[in-house]
Colleague: 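Have a look at this one.
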Amino acid sequence: MSELKATNAMRIALALKRNGVKYLFGQSNPPTITLACDDIGIKQIGYRQENAGAYMAHGYAMTTNTIPVVTAQNGPAATLLVPGLAESLKSSYPVVAIVEEIERGHEEKNAFQEFDHLELFKGVSKWVKRIPIHEKIEDFVDRAFTIAGSGRPGPVVLLCPKDIINDQTEYPVNAQRNASLGTFPLDRTVADPSKVEEAAIMLAAAENPIIYAGGGVVSSDALNEIRELQEECAIPVATTTMGKGSVDEEHPLSIGPIGYYMGKRGVSTQLKSMVQRADVIVLVGNRTNQNGTDSWTLLPSTAKYIHIDIDPTEIGRNYESLRLVGDAKLTLKSLKEKLAEQGVEKRRKNRSRIEDEIRASRIKHNEIMAQLLKEDDGKIKVETFLNAVNKRLSDDHIVVADASISSVWNANYIQATKNRKFIFPRGLAGLGWGLPMAMGAKVAHPNRKVFCLAGDGGFAHVWSELETCKRLGINIVLIVINNGILGYQKLGETALFGRYTNVCDFSAVDHTKVAEACGIKTVSVRNVSDINGALDDAFNHDGSVLIDLISDPENIPPITIMDGLIKEKVK
């Protein structure tokens, strides 16, 4: 058999394809790699700006458990990848960034757009390396995927010098590299069996245990395992924002999302007492961050904690815990088996009491929402709008939120049922990330419907990507909350300081004109009576749709620090 030879750019493309890559999120650079990928069927999703491309890749990873690739030119383009990679690092999702680099012989000569990419990416990646010689191409590509998908997943950066990737000489392809490393978790490990047994003993004896599931449950694809533990062992489950969707919120033992948005009208507000009297709390793939714990005031100091996480450094960060270091999927399965051995009689005996409390909380919340829906002051409330959206979503819809208040609205008022998939940018929670993340999800699942909620402040960061939607046929339903304010900033500053800065109020923007300029179908919703027709039109349209939701700027989300701003009859 003759030895396979190819240019260096083609060798990179072949290595990417072997690792399962189907798309490059890019803007033609590095061109030799992009063209080589195109020649072997790897399609480029051409973004308009690099930071949006990184968010698209992130959304793709969150919905496929495969490792995506984003590409960028050296210099200013590379710097724009930083926010997206930072989000991936903090939220533990893998992305491989392929970044063009100046020629090796041009270093320290002020070559065009020369920049120290090694220093640039150190703080936002697990690994950043420059391909040193062409003989190492396959080794370094495989190394990138290995590091991105192993342990706690995260982004990596592979720097590709121009003199290597533009070399048209054909060199031998490393035939010893045959592995496909493009899925995650790449390796699954289970926690120490003796500690799992200790955890089972604690749960069997507990009076009021709960499970608090984070995004690690979702990224580990541990939905079946946590749902079986919830049902078979009769333990109520709450979720973080990124953990939403790990359990069905219609299940009688689902508490719902908890954290800093358990303020007035919050979907889980009535169950704060259940959380705070818990005596054993199982944290799973949960960073115990500020928002998820309401500034570390929500979870009781008197409880005993069990923490399951793939990253040993997260365990005990904020709550001293029994350490179960391992993959969520395997460790939850092991915990259920050990708990069954210990006996779940106590859990089953208490089940009806727990279910009654959760049922009563839902009835109370529904009463509050029913009164809100009856109120008519001529201004649209986001809760009213999402109530109508929720009724129209399919059980396998992909539901995406931008950061800030959009995440709070979706987490509270769109239900996680059956196989609905939820995407939130909660690693760093940067504005403008929702639309491109939704686009990445749609690229990954062209046959699933995608709904995205964004505020007008965040949407302004990424208007240009509507053209990408049109050009590439990336069809989503995008709702822009058009209230003319930078919502979280204005409401938060008002709640904390009694006044707000001058950036918080916008001049009027007609987002339908922006979308129409890109050839996107638009609907303007100005009255409550417009909602049903607009949604029916949008969800039945074969193409992307933007709904410009003219909403009440005094519509207060259920965030605890903003409770004092709510003026209503029902408290």
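Side-chain atoms are counted along with the backbone in the values below, which use heavy atoms only and exclude waters and symmetry mates.
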Colleague: Should Tyr261 and Thr269 be marked as a side-chain hydrogen bond (donor to acceptor under 3.5 Å, both in side chains) after you check the CA-CA gap, both sets of side-chain angles, and the distance that decides it?
Modeller: CA-CA 8 Å; Tyr261 46 57; Thr269 298; over 6 Å; no
Colleague: Answer yes if the side chains of Thr501 and Glu493 hold a donor-acceptor pair under 3.5 Å, and no otherwise.
Modeller: yes
Colleague: Mind checking what makes ring-ring contact (aromatic ring centres under 6.0 Å, His included) contact with Phe539, not counting sequence neighbours?
Modeller: His397
Colleague: What is the distance from atom OG1 of Thr494 to atom CD1 of Ile561, rounded to the nearest 0.5 Å?
Modeller: 10.5 Å
Colleague: Give a yes or no answer on whether the side chain of Asn289 reaches the backbone of Gly292 with a donor-acceptor pair at less than 3.5 Å.
Modeller: yes
Colleague: Using the salt bridge (charged side-chain N to carboxylate O under 4.0 Å, His left out) rule, collect all pairs that involve residues 47-68, keeping only residues at least two apart or in two chains.
Modeller: Arg48-Glu467
Colleague: Do side-chain atoms of Ser544 reach the backbone of Ile476 as a donor and acceptor pair under 3.5 angstrom?
Modeller: yes
Colleague: Within the distance-only criterion (no hydrogens, no angle test), does the side chain of Lys17 pair as donor or acceptor with the backbone N or O of Ile40 below 3.5 angstrom?
Modeller: yes
Colleague: Counting heavy atoms not belonging to Arg526, are there more than 12 under 6.0 Å from its CZ?
Modeller: no
Colleague: Considering only residues two or more places apart or on different chains, which pairs with a residue in residues 537-546 satisfy salt bridge (charged side-chain N to carboxylate O under 4.0 Å, His left out)?
Modeller: Lys521-Asp537
Colleague: Partners of Asp38 by side chain to side chain contact (heavy atoms under 4.5 Å, CB included), sequence neighbours excluded?
Modeller: none
Colleague: I need the single residue from Asn483, Ile485, Leu549 that forms a side-chain contact (heavy atoms from CB on, under 4.5 Å) with Asp456. Which is it?
Modeller: Asn483
Colleague: Could you give the distance from CD (Gln44) to CG (Leu35), rounded to the nearest 0.5 Å?
Modeller: 9.0 Å
Colleague: Sequence neighbours left out, what pairs pass salt bridge (charged side-chain N to carboxylate O under 4.0 Å, His left out) with at least one residue falling in residues 415-435?
Modeller: Asp395-Lys418
Colleague: Would you call the rings of Phe424 and Phe422 parallel, tilted or perpendicular if under 30° counts as parallel and over 60° as perpendicular?
Modeller: parallel
Colleague: Would you say Glu367 and Gln371 are linked by a side-chain donor-acceptor pair, where the criterion is simply a distance under 3.5 Å?
Modeller: no
Colleague: What I want to check is whether the side chains of Thr183 and Asn65 have a donor and an acceptor closer together than 3.5 Å.
Modeller: no
Colleague: Quick one: does any side-chain atom of Asp402 pair with a main-chain N or O of Leu453 as donor and acceptor, under 3.5 Å?
Modeller: no
Colleague: By the side chain to side chain donor-acceptor pair (under 3.5 Å) test, which pairs, at least two apart or in different chains, include something from residues 502-511?
Modeller: Asn482-His511, Lys490-Asp505, Tyr500-Asp505, Asp510-Thr512, Asp510-Lys513, His511-Asp548
Colleague: Among pairs that include at least one residue of residues 89-98, which meet side chain to side chain donor-acceptor pair (under 3.5 Å), considering only residues two or more places apart or in two chains?
Modeller: His58-Ser91, Ser92-Arg152
Colleague: Could you tell me if Ser464 and Tyr47 have a donor-acceptor pair between their side chains, going purely by distance under 3.5 Å?
Modeller: no
Colleague: Quick one: list whatever passes side chain to side chain contact (heavy atoms under 4.5 Å, CB included) with Ile45, sequence neighbours left out.
Modeller: Tyr23, Phe25, Lys43, Met56, Val443, Leu472, Ile474
Colleague: Does this structure show an ion pair linking Lys264 with Asp563, if we count only N-O contacts that are shorter than 4.0 Å?
Modeller: no
Colleague: Among residues at least two apart in sequence or on other chains, which ones pass side chain to side chain donor-acceptor pair (under 3.5 Å) with Ser268?
Modeller: none
Colleague: Can you tell me if Asp530 uses its side chain to pair, donor with acceptor, with the backbone of Asn527 under 3.5 Å?
Modeller: yes
Colleague: Quick one: does Ser295's side chain have a donor or acceptor within less than 3.5 Å of a partner on Asn291's backbone?
Modeller: no
Colleague: Provide the full list of ring pair (Phe, Tyr, Trp, His ring centres under 6.0 Å) pairs with a residue in residues 429-452, sequence neighbours left out, each pair given once.
Modeller: Tyr55-Trp433
Colleague: Could you tell me whether a side-chain N or O of Thr64 sits under 3.5 Å from a main-chain N or O of Thr66, the two making a donor and an acceptor?
Modeller: yes
Colleague: For residues 249-258, which residue pairs pass the side chain to side chain donor-acceptor pair (under 3.5 Å) check, not counting sequence neighbours?
Modeller: Gln230-Ser254, Glu231-His251, Lys244-Glu249
Colleague: Quick one: does Arg471's side chain have a donor or acceptor within less than 3.5 Å of a partner on Gly46's backbone?
Modeller: yes
Colleague: For the atom pair OG1 (Thr63) and CD1 (Ile423), what is the distance rounded to the nearest 0.5 Å?
Modeller: 5.0 Å
Colleague: Determine whether the side chains of Asn412 and Glu383 contain a donor N or O and an acceptor N or O closer than 3.5 Å.
Modeller: no
Colleague: With side chain to side chain donor-acceptor pair (under 3.5 Å) as the rule and sequence neighbours excluded, what pairs involving residues 215-229 come up?
Modeller: Arg188-Ser220, Ser220-Asp327, Glu225-Lys329, Glu228-Lys336
Colleague: Ignoring hydrogens and geometry beyond distance, is a side-chain donor-acceptor pair present between Asp396 and Ser394 at under 3.5 Å?
Modeller: yes
Colleague: Can a donor-acceptor pair be found, under 3.5 Å and without considering hydrogens, that links the side chain of Glu87 to the backbone of Gly427?
Modeller: yes
Colleague: Let me confirm one number: the CD1-CG distance from Ile559 to Leu565, rounded to the nearest 0.5 Å.
Modeller: 10.0 Å
